[in-house]
Amino acid sequence: MGAGRQGDPRFEAQAGVKVTMISAGDAGQVLARAILEKDDPQADLVVGIDNNLLARALEEKILQPYRSPNLGLVPRELQFDPTHSVTPWTMASSR
């Protein structure tokens, strides 16, 4: 849920999954929808919850902690969640 874009066919083939993107609006709208759906989530991944909304997301217990094995590649100043409930990422591409 979040940024409404098409799934990457290369990723889908490599991971063996089908990605369906759902656009839910801006960061506040994404968070509101995730909170409303927390007992019956319609998404496996939420994109767009920023550091300004993180406290509310953690309070609502809508996120599951995940520590990426690549987190060491992310500058420390961008790792603002010690619980690893959100993972910093970028849409930058090396293509």
Side-chain angles (χ1 to χ4, degrees):
M1 181 186 328
R5 301 187 69 172
Q6 295 294 331
D8 183 336
R10 294 172 299 171
F11 171 80
E12 292 177 339
Q14 182 180 10
V17 298
K18 174 67 179 145
V19 176
T20 302
M21 305 292 268
I22 302 168
S23 180
D26 65 23
Q29 292 168 314
V30 169
L31 178 58
R33 182 169 174 175
I35 291 168
L36 288 172
E37 295 177 356
K38 74 179 180 181
D39 293 329
D40 185 23
Q42 302 301 301
D44 297 312
L45 176 69
V46 177
V47 177
I49 296 176
D50 60 24
N51 56 331
N52 297 313
L53 298 172
L54 178 60
R56 176 81 192 279
L58 293 174
E59 178 183 295
E60 293 288 342
K61 297 181 178 11
I62 61 167
L63 304 172
Q64 181 177 14
Y66 168 75
R67 190 176 200 294
S68 170
N70 294 318
L71 194 58
L73 301 173
V74 177
R76 272 286 200 208
E77 63 271 13
L78 297 178
Q79 297 181 37
F80 51 81
D81 175 26
T83 69
H84 303 292
S85 295
V86 295
T87 302
W89 69 283
T90 181
M91 292 180 70
S93 175
S94 60
R95 291 184 225 171

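This structure is a prediction, so every number in the text was calculated from the model and none was measured. Note: hydrogens, waters and symmetry copies are ignored here, and every other heavy atom, side chains too, is used.
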**Asked** Is a donor on one side and an acceptor on the other found under 3.5 Å between the side chain of Gln79 and the backbone of Pro88?
**Response** no
**Prompt:** Which atoms form the tightest heavy-atom contact between Thr83 and Ser85, and what is the distance?
**Reply:** OG1-OG, 2.9 Å
**Message:** Can you give me the closest heavy-atom contact between Gly48 and Ala27, atom names plus distance?
**Reply:** O-CB, 3.1 Å
**Prompt:** If Ile, Leu, Val, Met, Phe, Trp and Tyr residues are connected whenever their side-chain heavy atoms lie under 4.5 Å apart, and connections chain through other members, are Phe80 and Val46 in the same group?
**Reply:** yes
**Prompt:** Is Tyr66 reachable from Leu45 through a run of hydrophobic residues whose side-chain heavy atoms are each under 4.5 Å from the next?
**Reply:** no
Extract all donor-acceptor atom pairs below 3.5 Å that involve side chains of residues 54-63 and protein atoms in other chains or at least two apart in sequence.
from	atom 1	to	atom 2	distance (Å)
Arg56	NE	Glu60	OE2	3.3
Arg56	NH2	Glu60	OE2	3.3
Glu60	OE1	Lys38	NZ	3.2

**Fill in**
Sorted by chain and residue number, the side chain to side chain contact (heavy atoms under 4.5 Å, CB included) partners of Leu36 (sequence neighbours excluded) come out as none
**Prompt:** Got a sec: does the CD of Gln14 have more than 12 other heavy atoms crowding it under 6.0 Å?
**Reply:** no
**Spacing of CG belonging to Leu78 relative to CG belonging to Leu71, to within rounding of 0.5 Å** = 10.0 Å
